[in-house]
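Structure record follows, encoded as structure tokens.
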Amino acid sequence: MEITALNGFKDILPEEVGLWRQVEETARAIFARFAFQEIRPPVLEKTELFARSIGEATDIVEKEMYTFADKGITMRPEATAGLLRAAIERNLLAARPLRRLFTIGPMFRHERPQKGRLRQFHQLDVEALGCASPLIDAELMAMGSMLLERLGIKVSLEINSLGCPNCRPAYRDKLLAFIARRADQLCADCRRRSQTNPLRVLDCKNPECRAQVEDAPSILDHLCPDCAAHFAAVEMGLTDLQIPYLRNKFMVRGLDYYCRTTFEFITNDLGAQAAVGAGGRYDGLIEQLGGPKNTPGIGFAMGMERLVLLLQQSQEERSAVSEADVYIAALGEKAVAACLPLAHGLREHGRRVAMDYEGRGLKSQMKQADKIGAAWVLIVGDEELAGGQAVLRDMRTKEQRAVTLDVAAIGRVVGKE
Ligand code: ATP
Ligand code: MG
């Protein structure tokens, strides 16, 4: 019996890898401009790390983690906790007052798989550690915007503030009172959440709950003076950098560790999976995880599956990238044998060459050449072979010309170095 992949775990196939690499390479180039360094923490961490950082009453910790119960270890559902653990444990925070780190890799969450939502998915994750200035918040959002713009992906940037331990409790009480008056109109999840994590009621996806909280008090009207000043400075920074953004008072983010600035990059082109990336500030977290006191931090993560889907959608033609410069259609046994060293010679000259060794008919080989997007087809039959000649066909213009069967001569026509 055939064994299939796990539900929600996807093979990234050869024809998709080009786009994945494009995303990764663009990200690395942009992160380098902002002086971020790469770090690669492991995929498994102690369960406690996630419970303590992400928070017990979050969707991720409550129901989405892959945990080996008997060993107390968990496959990372996000990158921030592990990256911070590594930065603290390996003493990376002492070396520079502001440490800029990024990591790229797979994350694991037990969710219901759908388009743009998998159980193993990949994130680009960046974290700026040690800087309390609102300017770094603006800078990070600008970096995310620059990356998306470079990839040709259109999003809107939405921002909010979650306040801090000084101002959030009073807001929370106000919100609780508001929710209590509507409790019987809310979904079961929200009624439960209102006990454990009432802010989460604001971002319930259920349309009826949405309607109920439409006129809920906004945290932006309840920030303490420091948080309000911070938020104003972030907005000023974004304006100075000419980064368009929208305020979204309902954005609360599903992780406990956030304070002050939170933000999301939102697309209209992926149905329900609207968030391409998201992040926020987490000023108390490093200390809470045993790191140096008063070390603030801010970061964001982008979902690579969603970026790749958007690229596929927006550049259908680019996803059909050519796999080869030239396809060699050798017709018949002798031609096949003669073309083996020819293909090798062209490859040594830096050309991308595709060929199969079946010696099938011309029609079926032309079809194959078309499928892999070869720019040229070199047609070699036994007759041509005898005369040391072949036919070279330009797949774009459909023009054909005779060429000598010689690596240098063919190489000159079929490609740029
Ligand atoms: P969502 O609201 O879509 O569940 P989230 O708030 O859980 O997202 P974060 O934890 O902030 O997501 O992760 C950052 C980014 O990682 C998301 O914006 C999204 O692009 C991506 N992401 C999160 N979960 C998944 C998943 N299960 N499959 C694919 N991508 C994901
Ligand atoms: Mg989620």
Side-chain angles (χ1 to χ4, degrees), residues 6-10 12 16 20 23-24 27 50 53-55 57-66 74-84 102-127 140-141 144-145 147-148 151 153-160 162 189 193 197 199-206 209-210 248 250-258 261-282 285 298-313:
L6 294 166
N7 190 18
F9 290 72
K10 201 173 148 289
I12 299 167
E16 298 167 305
W20 281 81
V23 169
E24 262 179 46
F50 302 115
S53 58
I54 299 170
T58 59
D59 278 357
I60 294 181
V61 173
E62 268 181 357
K63 53 191 189 200
E64 294 176 358
M65 293 206 305
Y66 283 95
T74 290
M75 300 181 72
R76 63 180 181 193
E78 52 97 59
T80 307
L83 189 150
L84 293 190
F102 77 91
T103 194
I104 301 179
M107 310 294 152
F108 304 85
R109 295 185 196 175
H110 193 272
E111 301 196 70
R112 195 166 63 79
Q114 47 197 299
K115 181 179 173 190
R117 188 175 297 284
L118 289 138
R119 289 180 173 174
Q120 175 178 326
F121 62 100
H122 299 75
Q123 282 185 341
L124 305 166
D125 182 81
V126 304
E127 312 290 346
L140 271 195
M141 288 182 240
S145 299
L147 170 58
L148 293 166
L151 290 170
I153 292 174
K154 288 206 173 50
V155 293
S156 57
L157 170 62
E158 298 189 355
I159 69 170
N160 194 18
L162 292 183
D189 263 352
R193 275 183 205 135
N197 199 346
L199 268 67
R200 296 279 321 284
V201 174
L202 293 178
D203 81 340
C204 180
K205 305 284 185 288
N206 187 327
C209 298
R210 291 232 135 165
N248 176 357
F250 295 115
M251 189 210 308
V252 299
R253 311 286 311 123
L255 294 76
D256 272 5
Y257 53 60
Y258 285 122
T261 317
T262 56
F263 54 99
E264 287 190 352
F265 295 101
I266 301 288
T267 171
N268 291 321
D269 302 328
L270 280 181
Q273 275 51 257
V276 170
R281 183 167 272 286
Y282 44 80
L285 183 58
I298 177 165
F300 70 77
M302 287 191 183
M304 294 185 69
E305 277 73 11
R306 295 183 193 177
L307 296 177
V308 168
L309 272 172
L310 288 167
L311 284 184
Q312 275 168 342
Q313 278 173 210

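Read the numbers this way: they start at 1 and go in the same order the structure lists the ligands and their atoms.
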Contact (N/O only, under 3.5 Å) between [X] and ligand 1:
X: Lys205; result: no
X: Leu118; result: yes
X: Gly303; result: yes
X: Glu264; result: no

Within reach of ligand 1, part of Arg119 (heavy-atom separation under 4.0 Å): neither
Residue portion contacting ligand 1 (non-hydrogen atoms closer than 4.0 Å) for Glu111: side chain
Nearest heavy atoms of Phe265 and Ser145, plus distance in Å: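 Scanning both residues, the minimum pair turns out to be CE2-OG, 3.6 Å.
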Any atoms of ligand 1 less than 4.0 Å from a non-hydrogen atom of [X]? List them with their elements.
X: Ala278; answer: 11 (O)
X: Gly277; answer: 18 (O)
X: Ala275; answer: 17 (C), 18 (O), 19 (C), 20 (O)
X: Val276; answer: 18 (O), 20 (O)

Quick one: are [X] and [Y] in side-chain contact, heavy atoms under 4.5 Å?
X: Leu270; Y: Lys115; value: yes
X: Leu310; Y: Val155; value: no
X: Thr267; Y: Ile153; value: no
X: Met75; Y: Gln120; value: no

Residue pair Tyr282, Glu127: steps toward the side chain to side chain contact (heavy atoms under 4.5 Å, CB included) verdict: CA-CA 10 Å; Tyr282 44 80; Glu127 312 290 346; 2.6 Å; yes
Heavy atom of Arg109, distance to ligand 1 below 4.0 Å: yes
Non-hydrogen atom of Gln273 closer than 4.0 Å to ligand 1: no
Any donor-acceptor N/O pair, Asn160 side chain to Met251 backbone, under 3.5 Å: yes
From Gly116, Gly279, Ala272 - option closest to atom 29 (C) of ligand 1 by heavy atom: Gly116
Rounded distance [0.5 Å steps], CZ in Phe121 versus CZ in Arg306: 8.0 Å
Residues Asp59, Arg200: salt bridge by 4.0 Å N-O rule: yes
